[in-house]
Amino acid sequence: MRDTGIAFTVGGRERMAHRVGYAPGVYDLFHVGHLNILRHARSQCDYLVAGVVSDEMAALAKGHRPVIPLPERLEIVRSVRYVDAAFVETVPDKVETWQQVRFDVIFKGDDWRDTERGERLERDFAEVGVEVVYFPYTVHTSSTQLRRALDTLVSPQYGAL
């Protein structure tokens, strides 16, 4: 474990973070799955940075822009008690993000495990000494499911809300 030199305050006393975690996500239509990732991530590090993917990066990765605009998503994520800091992620390369944030461990949903993108993430981060930790994906709730439900509600069949 390397000393990142990031100071944070606990109980009015400044301490040095020894294990900085990074939990990237779009965090659109914030739901319990997002909260679970952040809660689990915080339990495995001294200081948690949530990477909130920009609208443009989300559109590139998912093919559509988030429903909730970036400033609002950022404010929601910053307000979660498990998050020590929030960072706007504007590049697709996570190692480039690491060069800016300098975290020791990155947290991803286990839907990335044993996939091409997950294996590439593990290889890239092994080169810089960053651990990749996967958490269970919350199957019963996802932003994609919520988006589909919203799309159904505003379809011509139902009329606008």
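Along the sequence shown, residues carry numbers from 1.
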Students should find that the hydrophobic cluster of L60, defined by side-chain heavy atoms under 4.5 Å apart, otherwise consists of V26, V53, M57

All heavy atoms of Y22 vs all of T97, minimum pair found to be OH-CG2, 3.3 Å

Value for CG (D84) from CG (D46), rounded to nearest 0.5 Å, stands at 9.5 Å

Sorted by chain and residue number, the side-chain contact (heavy atoms from CB on, under 4.5 Å) partners of A85 (sequence neighbours excluded) come out as Y47, V49

Of all heavy-atom pairs linking R73 and S54, the shortest is NH2-C, 3.9 Å

Quiz item: Is the closest basic N to carboxylate O distance between K62 and D28 below 4.0 Å?
Solution: no

Sorted by chain and number, sequence neighbours left out, side chain to side chain donor-acceptor pair (under 3.5 Å) with E131 holds for R19

Query raised in the report: So, H34 side chain and H31 main chain: donor-acceptor pair closer than 3.5 Å or not?
Result: yes

Sequence neighbours excluded, the answer for ring-ring contact (aromatic ring centres under 6.0 Å, His included) partners of F87 is none

Report task. Determine whether V91 and V101 fall in the same hydrophobic cluster, where Ile, Leu, Val, Met, Phe, Trp and Tyr are linked whenever their side-chain heavy atoms lie under 4.5 Å apart. Result -> no

By side chain to side chain donor-acceptor pair (under 3.5 Å), K108 pairs with (sequence neighbours left out) none

key: W98 side chain reached by I106 side chain, heavy atoms, under 4.5 Å   = no

Closest non-hydrogen atoms of L48 and A41, given as atom of the first, atom of the second and distance, are CD1-CB, 3.8 Å

- Any side-chain heavy-atom pair of D104 and V130 under 4.5 Å: no

Rounded to the nearest 0.5 Å, the CZ atom of F135 sits from the CH2 atom of W112 at a distance of 15.0 Å

- Side-chain contact, heavy-atom cut-off 4.5 Å: L38 with F107? no

Residues passing the side-chain contact (heavy atoms from CB on, under 4.5 Å) test with E75, sequence neighbours excluded, are S79

Quick note, side chain to side chain donor-acceptor pair (under 3.5 Å) partners involving residues 114-125, not counting sequence neighbours, are E122-Y134

For I76, the side-chain contact (heavy atoms from CB on, under 4.5 Å) test, sequence neighbours excluded, returns F30

Residues 30-39 vs salt bridge (Lys or Arg N to Asp or Glu O under 4.0 Å), sequence neighbours excluded, gives none

When hydrophobic residues are tied together by side-chain contacts of less than 4.5 Å, even through go-betweens, does V88 share a cluster with Y27?
yes

Are the side chains of R42 and V80 in contact, using a 4.5 Å heavy-atom criterion? no

Residue pairs meeting salt bridge (Lys or Arg N to Asp or Glu O under 4.0 Å), one or both in residues 88-98, sequence neighbours left out, come to E89-K94

